[in-house]
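Structure first, commentary second.
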Amino acid sequence: MEAVVTRPALSCCRRAASSAPSSTRLLLNSSLPSGTRQKSTAARTRRALNIPPHPSFLHPNKTPESVASRPTSDEIIFNPPSSAPSVFHTPFKFLPKTDPRRMANLTSNLFASSTTIQYNYSPSSAASPSAETTTTPSPESFPSIEGPPVLKPRHHLTPQDIEQMRRLREQDPVTNSVQNLARQFQCSKLFVLMCCQAPKEHQQKIKEQEEKVKARWGPRRRAAREERHRRMEMLFNGQL
Amino acid sequence: MKRLRVDRWTGQLLLARPGACPASTPRTALRPAAASRCAAVRTRSTRAMPEIPTDEDYADGTDHTRFPPLEKLPPRATSLPSPPPERALQSAKLAALHARLSLPEKLPLQTLARALVDNSADENPLFNNTNLAFVGQSLIHYHVAEWLMCRYPRLPMEILYAAMKGYAGPAALHHVARSWGLEHAAAPGGEVDPGLLQFSLHKPGNAIVTLGYKRAEAEGLQKYKWRHGISSRVVFDDDFGQVVETDKATQLRRADTEYGNEYTRSLAEKAYANCARAVVGAIYAHAGREPAKAFIRSHILSRTLDLSALFSFKKPTRELALLCAREDFEFPIARLLSETGRLSRTPVFVVGIFSGKDKLGEAAGPSLEVARNKAAMNALKSWYLYSPGEHVRVPSDMLAEDAQPWTPAYIDMGEIIGR
């Protein structure tokens, strides 16, 4: 049963707390049942439990006639509890051209939101017939969490460019780092990594530096990193 | 329950034999006209003394006054590696198994008894289940593979192998055979009840039941974990994409010294699986194609296998981007659908991956990165696990006489990234 703090009791508490020494004040503020009141009368309980029915029970067909009436017994109300979407629900875009589910003239809207069932419910609009314009929010209304915009592959580098990139990296791997080369040739870092390889001594040096840093880690940091790594592996194996 | 004090029993109780009055087999029609010598069984249940065989044929070194025989065995039965076929008609276990599996009437008990003899128990191919198991495994693999291909046309080859193993691998068939109530004898021999599965742990049979080549570099694969790609697995390895192993000499030594190690367990698993295959082969041999297919459908393909748990990804976001590029979809963009407790200890982010207006996948996770990767994995899984429908037709349906005209099954163009 929900506890309700009523006004006179609260002020009483405050007065007691201000007058009491600090130790008892703490006690009073945290947990003292004297300042709260239960919903011990039938009227309050009834009022608390009197919640309106779910909108799908109110006007299933969304026509003005049926809005007023209750659903008949031969209607199916599909109103599942919220749950994680199933991967066996193929999104509309992934259906092949020949699939009957695509060929059937179903609105793509239905399938776009097939993984989550959304209904815009507000108590004021539920009663009015204007509620039938329930539009699912467009994807643009959600903030993107992608990082900075990725460079689109433009295929502008010639074999000569790649040769030059390799030569530069071979000559001076410190100044011609992967990032610098990517900036210079206006391609992604992944492409630079695909094209050229640093000389063996440079790789060795980088590795030694890394080892030195790792040697300074304490047991907690090491354990935390290992655990994070393992958790990521479990995620990719579908175990999380 | 009171403990039974066998040492205080009278001689008459000790001498009464359970096999003295066998129930008459309902399938008398199956009994061959030339009944064996063991068919002449006494029906009187009481008698003073057990019938001690004095014939030279029965002498096998057993002291019959101390160990009276449970039932009258045919001559030299104990010296045979597996029970003689005519004893199949007297086995209650065998008849019960036949009835429990609702096997067709055309399948005689003798063949069912033969399906229970592993090649490690009896090396003679005329008496063990090797040829039946070979036919059975070909049928099972054919039906499982065609069903998976039609039902989930976009499965990558690795997942297809894993699914094949999940449905028709030795572990799965072992469970199927166990679920039939099949039990095994402690050691094989001619005196064993023919209704028990018989295999030996000490001399594993050398019969080949699966197809596949022995790789020249098999040792290096095992020792140095050399990479072997999916293409070579398709060519060389068995139907589950696993390297065919032949050398088990060191393990065999373990089997003789230790009791119940993983090698002996794998031998038992193999024997049970071969038995399940042999039963399918026996149905095919005696009753034909359709009953065998129905048996495979109801006992092997009806099992539940969660295909979505078989996947493992390396870089799901990149794989999804490649997929979208290949299929001419818009570049996938991860968007935050909802979140709670960003500054708390246990936040939850719900991330959806959109390609244009369409949502491809959605997942919740404790951080943006995790949720995004999970959503990409879900999107890829829903691509790979596309199914044309639950009751999809398979090519072998066309072998029925009154089959509808064939509509071509959906075939996907291939995998997104090569492995």
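Order of the sequence lines sets the chain letters (A, B, ...), proteins ahead of strands, with each chain counted from 1.
- Here B/Ser355 is the residue among B/Ser355, B/Ala364, B/Ala309 with the most heavy-atom pairs under 4.5 Å with chain A.
- Between A/Lys93 and B/Glu330, at least one side-chain nitrogen of the basic residue sits less than 4.0 Å from a carboxylate oxygen of the acidic one, meeting the salt-bridge criterion.
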Exercise for the section: Go through the steps for B/Tyr384 and A/Phe94 under the test side chain to side chain contact (heavy atoms under 4.5 Å, CB included), then give the verdict. Expected result: CA-CA 9 Å; B/Tyr384 285 131; A/Phe94 283 171; over 6 Å; no
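- Under a 3.5 Å cut-off, the side chain of B/Arg335 and the backbone N or O of A/Pro143 do not form any donor-acceptor pair.
- Between A/Glu146 and B/Arg372, at least one side-chain N (NZ, or NE/NH1/NH2) sits under 4.0 Å from a carboxylate O, which counts as a salt bridge.
- Ranked by heavy-atom pairs under 4.5 Å with chain A, the list B/Trp383, B/Phe349, B/Tyr410 is led by B/Trp383.
- For the pair A/Phe88/B/Ser387, no side-chain contact is recorded, criterion being any heavy-atom separation below 4.5 Å from C-beta on.
- Of the inter-residue distances, the one linking A/Phe236 atom CZ with B/Lys314 atom NZ reads 10.5 Å to the nearest 0.5 angstrom.
- In terms of heavy-atom proximity, A/Pro91 sits nearest to B/Ser382 at CD-OG, 3.6 Å.
- Counting only heavy atoms from C-beta outward, the side chains of B/Arg154 and A/Pro96 approach each other to under 4.5 Å.
- Note: B/Phe354 and A/Phe142 have parallel aromatic rings, judged against thresholds of 30 and 60 degrees for the angle between ring planes.
- Only the side chain of A/Thr98 comes within contact range of chain B, with heavy atoms under 4.5 Å apart.
- Expressed to the nearest 0.5 Å, how far CD1 of A/Ile145 lies from CG of B/Leu368 amounts to 5.0 Å.
- For the residue pair A/Asp99 / B/Tyr386, a side-chain donor-acceptor distance below 3.5 Å is found, with atom types taken as modelled.
- Of the two parts of B/Asn373, only the side chain, counted from C-beta on, holds a non-hydrogen atom closer than 4.5 Å to a non-hydrogen atom of chain A.
- Heavy atoms of A/Glu140 lying under 4.5 Å from chain B belong to its backbone as well as its side chain.
- Contacts with chain A were tallied for B/Lys315, B/Arg318, B/Glu327; B/Arg318 has the most, counting heavy-atom pairs under 4.5 Å.
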